[in-house]
2 protein chains.
Amino acid sequence: MPNETYQKALDTLRESKIRITPQRQIILKYLINHDNHPSVDTIYEALKKEFSNLSVATIYNSLQLFEKLGIIIELPAEDGGIRYDFFGNPHFHAICENCGKIIDVEYPDYKSLEQSLSKTTEEQTGFKVRQSHVEVYGLCKECQAKLSK
Amino acid sequence: MPNETYQKALDTLRESKIRITPQRQIILKYLINHDNHPSVDTIYEALKKEFSNLSVATIYNSLQLFEKLGIIIELPAEDGGIRYDFFGNPHFHAICENCGKIIDVEYPDYKSLEQSLSKTTEEQTGFKVRQSHVEVYGLCKECQAKLSK
DNA sequence: CTTAATGCAAACGATTTGCACCGCC
DNA sequence: GGCGGTGCAAATCGTTTGCATTAAG
């Protein structure tokens, strides 16, 4: 785990006068160390082994908090639920409509794309933009092969 | 209502050998005539007056169907639910994090943006891209004013 | 010490399901 | 007239809530 990344996230919490609890620490670490875009339940199943009395309510709380602080982002999943993604360096997401898999895609000009979207939005609507989300939907390699049989 | 738009949507149904029922017709018309990004419940409340025995299950079915056919798109809303949007000419969405309002934003180069995203994704992941979604999150004009008081 | 944060379990509510009936093609 | 579509109500399940308890700063 890039320890620097973790420390930076903790700093963000401190800046907002948010208490750094063991629960928040392990959830944060989990998110940094996994790029599996977990659901609340995935996180819960993974962490309850090493942290036996951890409640789902706490995970919901923590994730909502992290999202507000811009540490993580929410992704709408194919099954209607939500997945979470630590958002260190900007990227967008490719979501498979068959198996639900989510893959990170690095986009060279992400920064300038965001600026362009932001500018257009502010001009047309007066919005003050905080962040942007980009997703593409389609079929992953495996499902293309599977479905063409 | 642009009748041509409606007819084109019906053609899409016919092409896929999907039956054109009165329920599907009025739901489709509702979506074409409103740019309010309705939830299932909004549609239900609006249509049950003129179509007394219409069940929510049918609306869920129809919307999922339309989405698969590419006639409408789903938007993740601030309250965790889903909103639906007839997707005639491409645009992206600005979503207010305070009041939940969703506004369409016309983006001049949307087509070329989509192609660029699509290309990058296919190169990096082997995905076959069907469509893309872009959303920006922030504060709308009204909420900026409201919150700075 | 003070007060935010947690755990637990009950409550909630949006979405789905099963099945008998209906009506589009 | 066959089969896809619909309505209805019950079941489901992810998420939220209320409150007593705990521990971070």
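So you know, we letter chains A, B, ... as the sequences are listed, proteins then strands, and number each from 1. All values below come from the heavy atoms of this structure, side chains included, with hydrogens, waters and symmetry mates left out.
For the pair A:Glu74 CD and D:dG14 C1', the interatomic distance rounds to 14 Å; values are reported in whole Å. The interatomic distance linking B:Lys17 (NZ) with D:dC3 (P) rounds to 15 Å, in whole Å. What separates CD of A:Glu45 from C1' of D:dG14 is a distance of 14 Å, to the nearest Å. Per the geometry, CZ belonging to A:Phe51 stands 12 Å off C1' belonging to D:dA23, to the nearest Å. The interatomic distance linking A:Glu67 (CD) with D:dT15 (C1') rounds to 16 Å, in whole Å. One can place OH of A:Tyr44 at 13 Å from P of D:dG14, the figure rounded to the nearest angstrom. Rounding to whole angstrom units, CD1 of residue A:Ile82 and C1' of D:dC13 are separated by 15 Å. Rounding to whole angstrom units, CG of residue B:Leu47 and P of D:dT6 are separated by 13 Å.
Counting 5' to 3', DNA chain C first comes under 4.0 angstrom of a heavy atom of chain A and last does so at the ends given by C:dT3 to C:dC8.
Nearest to the side-chain atoms of A:Tyr60 among the listed nucleotides D:dT6, D:dA23, D:dT15 stands D:dT15. Closest contact between the side chain of B:Thr21 and the listed nucleotides D:dG7, D:dG25, D:dT6 involves D:dT6.
Using a 4.5 Å cut-off on side-chain heavy atoms (C-beta onward), B:Leu65 and B:Lys68 make no contact. Using a 4.5 Å heavy-atom threshold, the side chains of B:Ile73 and B:His93 count as touching. At a threshold of 4.5 Å between non-hydrogen side-chain atoms, the residues B:Asp35 and B:Phe86 do not count as touching. At least one side-chain heavy atom of B:Ile43 sits less than 4.5 Å from a side-chain heavy atom of B:Leu31.
For A:Arg14, no side-chain nitrogen or oxygen approaches OP1 or OP2 of D:dG25 to under 4.0 Å. Phosphate contact (OP1/OP2 of D:dT6, side-chain N/O of B:Ser55, threshold under 4.0 Å): absent. Taking side-chain N and O atoms only, B:Gln23 has a distance below 4.0 Å to OP1 or OP2 of D:dG7. Neither OP1 nor OP2 of D:dT15 sits under 4.0 Å from any side-chain N or O of A:Gln64.
Comparing B:Arg24 and B:Val56 along DNA chain D, the residue whose closest nucleotide (by nearest heavy atom) sits nearer the 5' end is B:Arg24. In terms of position on DNA chain C, the residue among B:Ile20 and A:Ser62 whose nearest nucleotide sits closer to the 5' end is A:Ser62. Heavy-atom distances to DNA chain C give each of B:Asn61 and A:Asn53 a nearest nucleotide, and the one nearer the 5′ end belongs to A:Asn53.
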Inset, instruction - Kindly indicate, with the supporting measurements, whether the criterion side chain to side chain donor-acceptor pair (under 3.5 Å) is fulfilled by B:Tyr30 and B:Asn36. - result: CA-CA 10 Å; B:Tyr30 181 90; B:Asn36 55 351; 3.1 Å; yes

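The two atoms that bring B:Ala46 and B:Glu50 nearest to each other are O-OE2, 4.4 Å, heavy atoms only.
Taking the charged nitrogens against the carboxylate oxygens, A:Glu15 and A:Lys8 have no contact shorter than 4.0 Å, which rules out a salt bridge. With respect to the salt-bridge test (charged N to carboxylate O, under 4.0 angstrom), the residues A:Glu122 and A:Lys119 do not qualify.
Residue B:Arg19 places a side-chain atom within donor-acceptor reach of the base of D:dG4, judged by atom type and a 3.5 Å distance cut-off alone.
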